[in-house]
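Reviewing the structure listed below.
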Amino acid sequence: MTTPIRVRFAPSPTGFLHIGGVRTALFNWLFARHYGGSFILRIEDTDEKRYVADAVTDLLASLRWIGIDWDEGPEKGGPHAPYVQSERHALGIYRQYVDQLLAHGHAYKSFVSNEELERMRAEAMARGLKSFRFRGPERDWTPEQVAAAEAQGLPYTVRLKVPLEGVTSFQDLVRGGEQINVNNADLYDIVLLKSSGMPVYHLAHLIDDHLMQISHVIRGEEWVPSTPYHVLLYAALGWTAPIFAHVPNILRQDGRGKLSKRKDDVATNRFWERGYLPEAMFNYLALQGWSYDDHTEIMTRTEIIERFSIERVQPSPARWNPEKLQDMNGIYIRKLTVTEVTERILPFLQQAELVSTPVTPTERAYVEQLVPLIHERLEELGEAPDLLDFFFRDVSFPDPTLLIPKKMDTPTTAAALRAAIERLTPLTDWSEATLEQTLRALIAESGLKPGQLFSAIRVAITGRTVAPPLFATLAALGQQRSLERMRAAVATLE
RNA sequence: GCCCCCAUAGUCUAGUGGCCCAGGACGUCACCCUUUCAAGGUGAAGAUCGCGGGUUCGAAUCCCGCUGGGGGUACCA
């Protein structure tokens with residue numbers, strides 16, 4: 001029989017979830033969905049010091065936003081509940097395994113205090129030792145010595161008794177199943193249980209992975225160096241280790257280091273705030289370290305699930321490339337219908353106070369009318385308010401020279417605008433087609449270049465030199481407001 | 001310092017011994033379309049496949065060394 005595929009994403013709630021974390025979650029999720037396995041979400045909050053209160057809420061929201069759902073985990077439950085380590089610790093789940101390790105001589109109680117540890121480290125440094133690898137003196141203590149120390153009520157940690165010699169090896173799916181070998185002499189006796197009695201990551205995650213029957217551990221490559229400890233621990237506990245796959249980190253844009261929560265603008269919530277589509281982010285992130293073939297990039301969720309394979313994940317780290325993401329977001333926005341874009345930009349327009357909250361039916365209809373003018377110009381939905389601003393607010397000309405097109409001056413520009421006003425005022429049909437016809441006729445008669453006339457009118461009605469197509473803009477703005485703005489422009493020129 | 005991982009254009013990647021004097025995408029530039037900006041179309045520049053040695057009739061692809069980058073080195077995860 002084959003063991004069922006079960007993977008997990010196990011973040012620690014120490015702050016917002018950044019896109020690197022989402023990418024790791026995504027690969028796990030894709031792996032599970034591809035093979036029809038289970039994706040488990042587990043919160044690893046064994047670090048009491050770094051715990052951030054709202055982090056879990058943010059984390060769940062980030063995953064849900066991009067479309068990652070979990071089969072077992074917080075707010076969902078499952079056969080291995082609870083899925084929060086502090087709760088599991090409270091239930092006493094970990095302690096029995098520590099006792100087992102102690103009893104079998106695979107771990108020992110260490111009474112060395114933090115201060116002593118510091119001193120030992122400093123001493124080793126002073127002696128010019130190449131590196132400090134802690135091996136507690138208690139490794140070889142007799143039961144009597146241990147009992148004596150305990151009788152004194154000394155606080156202790158439980159450390160793994162790592163072999164002094166030999167080699168620890170494991171394979172990694174991302175590295176083509178390559179064997180990674182580490183000399184035990186390069187390892188040290190890691191802490192398994194803190195003096196507070198709280199298990200450390202290495203112990204807790206491993207017990208949970210075993211209990212939750214995780215078949216594949218897919219995690220960031222920063223875990224490669226500690227995997228030998230995990231291998232040793234599995235053996236000490238008499239358990240079979242899962243299959244490991246370490247996915248590369250996402251590096252900062254300049255390549256200097258991995259993405260950091262503090263220095264980089266990569267919090268997942270920042271992307272929905274700026275108007276990124278979850279499907280675009282999903283597609284982009286799937287391509288950070290994984291590819292399908294030599295030319296396919298735009299793929300639906302279903303296609304990515306079908307095509308995903310962990311063997312095709314790159315071992316080398318990728319750099320964060322916001323330009324590529326933005327381009328992809330534009331592609332996804334252009335695929336949306338006008339109604340969909342309307343719905344999605346409404347919140348941004350409300351935030352900019354261009355429309356009211358809740359939006360009125362009239363406003364919604366007007367926005368829907370405007371969307372075609374900016375649809376293909378949007379790369380982030382958050383750009384919409386700026387692009388549409390002049391449809392909702394009056395324009396002004398702090399710099400009247402903006403009104404004057406190339407190769408023209410104040411009098412000729414004013415004259416051109418006056419001529420346009422004269423032609424447009426009597427119009428009874430304010431449609432895009434009629435507007436174009438009328439203004440082109442004016443050009444033919446006046447001898448002006450299209451760019452000159454259109455440019456002057458554009459600035460007059462929008463207050464800017466770059467704007468959506470002129471006739472559609474005039475049509476959407478309406479006859480009265482268009483003419484008022486053109487007259488105002490003429491006035492500022494005079 | 002020590003240990004581990006990685007290495008194809010500025011960036012993301014295809015490539016697993018001959019189909020590759022290296023394909024796709026982002027970015028850049030040019031032209032077309034065009035009232036501006038986009039979008040779209042066409043095209044261009046950009047990689048001695050990090051460097052040096054091997055193995056082989058033949059290497060981006062296999063091996064070794066070096067260099068560079070990244071990660072780890074906590075009673076953090």
Side-chain angles (χ1 to χ4, degrees), chain A residues 10-14 44-50 110 112-114 117 121 125 128-134 155-159 172 174-176 178 180-183 185-188 190-196 198-202 204-205 219-228 246 248-249 251 253 255-258 284 287-298 314-328 330-331 334 374-379 387 405 436 439-440 443 449-459 462 464-471:
Chain A
S12 59
T14 56
E44 312 220 316
D45 56 348
T46 52
D47 186 350
E48 302 109 310
K49 294 179 193 126
R50 290 201 306 162
S110 175
V112 175
S113 70
N114 265 324
L117 239 178
R121 232 187 282 275
M125 209 79 93
L129 219 67
K130 16 184 198 167
S131 63
F132 180 70
R133 308 187 211 283
F134 183 84
Y156 65 87
T157 59
V158 174
R159 287 182 182 265
D172 191 307
V174 171
R175 276 146 261 274
E178 271 306 288
I180 295 172
N181 307 305
V182 178
N183 290 118
D186 289 325
L187 270 22
Y188 73 101
I190 54 165
V191 169
L192 259 21
L193 204 68
K194 307 179 194 181
S195 52
S196 66
M198 182 69 95
V200 128
Y201 167 85
H202 294 113
H205 97 277
R219 73 224 307 191
E221 69 171 329
E222 66 270 25
W223 295 107
V224 171
S226 42
T227 305
H246 292 95
N249 281 138
L251 266 31
Q253 219 178 336
R256 316 219 80 224
K258 61 175 179 174
Y284 171 78
L287 259 17
Q288 289 291 289
W290 173 80
S291 64
Y292 174 57
D293 60 15
D294 63 341
H295 66 278
T296 312
E297 288 198 333
I298 303 300
Q314 280 267 325
S316 58
R319 284 194 204 190
W320 169 233
N321 186 352
E323 284 181 334
K324 177 82 177 181
L325 204 215
Q326 195 175 47
D327 175 69
M328 208 169 255
I331 293 172
R334 271 172 253 131
I374 60 164
H375 195 165
E376 67 189 20
R377 270 156 266 259
L378 279 176
E379 284 204 309
L387 254 23
E436 174 158 13
L439 290 174
R440 288 209 189 275
I443 284 164
K449 291 231 183 331
Q452 297 180 310
L453 207 226
F454 296 159
S455 168
I457 300 176
R458 175 179 306 109
V459 177
T462 68
R464 55 182 78 182
T465 53
V466 173
L470 187 62
F471 311 120

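Just the heavy atoms: all of them, side chains too, but no hydrogens, waters or symmetry mates, feed the values below. The sequence lines fix the lettering, A, B, ..., with proteins before strands; numbering per chain opens at 1.
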* When you compare G69(B) with G43(B), how far apart are their P atoms, in angstrom units rounded to a whole number? -> 39 Å
* To do: Measure the CG-CG distance between Leu287(A) and Asn321(A) for me, rounded to the nearest 0.5 Å.
  => 11.0 Å
* Is the shortest distance from a Lys or Arg side-chain nitrogen in Lys324(A) or Glu297(A) to a carboxylate oxygen in the other one below 4.0 Å? -> yes
* Structure fact -> Winner on side-chain proximity to Val200(A), out of C5(B), A77(B), G27(B), is A77(B)
* **Within the 6.0 Å centroid threshold, strictly below: Phe471(A) and Phe454(A)** => yes
* Look at all strands and tell whether Tyr188(A) reaches a base, only sugar-phosphate, or nothing, counting heavy atoms closer than 4.0 Å. => sugar-phosphate
* Sugar-phosphate, base or nothing in reach of Leu117(A), heavy atoms under 4.0 Å -> sugar-phosphate
* Asked: Given G40(B), is OP1 or OP2 found less than 4.0 Å from the side-chain N or O atoms of Arg334(A)?
  -> yes
* To do: Once you apply the 3.5 Å cut-off to both distances, tell me the Watson-Crick or G-U wobble partner of U73(B), or none.
  => G1(B)
* **CG on Leu378(A) to CZ on Arg334(A), rounded to 0.5 Å** => 9.5 Å
* To do: May I ask you to verify if any side-chain N or O of Lys258(A) is less than 4.0 angstrom from the OP1 or OP2 atom of C5(B)?
  => no
* Structure fact -> Taking a pair to mean Watson-Crick or G-U wobble geometry with both distances below 3.5 Å, U34(B) pairs with none
* Asked: Do Arg50(A) side-chain and C76(B) base share a donor-acceptor contact under 3.5 Å?
  -> yes
* Residue matched to C51(B) through Watson-Crick or wobble contacts both under 3.5 angstrom -> G65(B)
* Asked: When the P atoms of G17(B) and U61(B) are considered, how many whole Å apart are they?
  -> 11 Å
* P gap between C5(B) and A25(B), integer Å -> 35 Å
* To do: Please report, rounded to the nearest Å, how far the C1' atom of U13(B) is from the CD1 atom of Ile298(A).
  => 14 Å
* To do: Give one of base, sugar-phosphate or nothing for Leu287(A), where a contact means two heavy atoms less than 4.0 Å apart.
  => sugar-phosphate
* Structure fact -> Paired to C26(B) by Watson-Crick or G-U wobble criteria (both distances under 3.5 Å) is G10(B)
* Please tell me which of Ile331(A) and Gln314(A) maps to the more 5' nucleotide of RNA chain B, matching each residue to the nucleotide holding its nearest heavy atom. => Gln314(A)
* Which part of the nucleic acid does Val112(A) contact within heavy-atom distance under 4.0 Å: base, sugar-phosphate only, or nothing? -> base
* Asked: Is the phosphate of A74(B), meaning OP1 or OP2, less than 4.0 Å from a side-chain N or O of Arg121(A)?
  -> yes
* Structure fact -> Quick note, Arg377(A) side chain, CB onward, closest among U36(B), C4(B), G71(B) is U36(B)
* Pick base, sugar-phosphate or nothing for Thr46(A), based on heavy-atom distances below 4.0 Å to the nucleic acid. => sugar-phosphate
* To do: Look at the rings of Trp223(A) and His202(A) and say which category their plane angle falls in: under 30° parallel, 30 to 60° tilted, over 60° perpendicular.
  => perpendicular
* Asked: Base, sugar-phosphate, or nothing: which does Trp223(A) touch, judged by heavy atoms less than 4.0 Å apart?
  -> base
* Sugar-phosphate only, base, or nothing, as touched by Ile180(A) at under 4.0 Å among non-hydrogen atoms -> sugar-phosphate
* Measure from the side-chain heavy atoms of Ser12(A) and tell me the nearest of A77(B), A14(B), A74(B). => A77(B)
* To do: Would you please confirm or rule out a distance under 4.0 Å between OP1 or OP2 of A14(B) and any side-chain N or O of Ser291(A)?
  => yes
* Classify the nucleic acid contact of Lys449(A) as base, sugar-phosphate or nothing, counting any heavy atom under 4.0 Å across all strands shown. => nothing
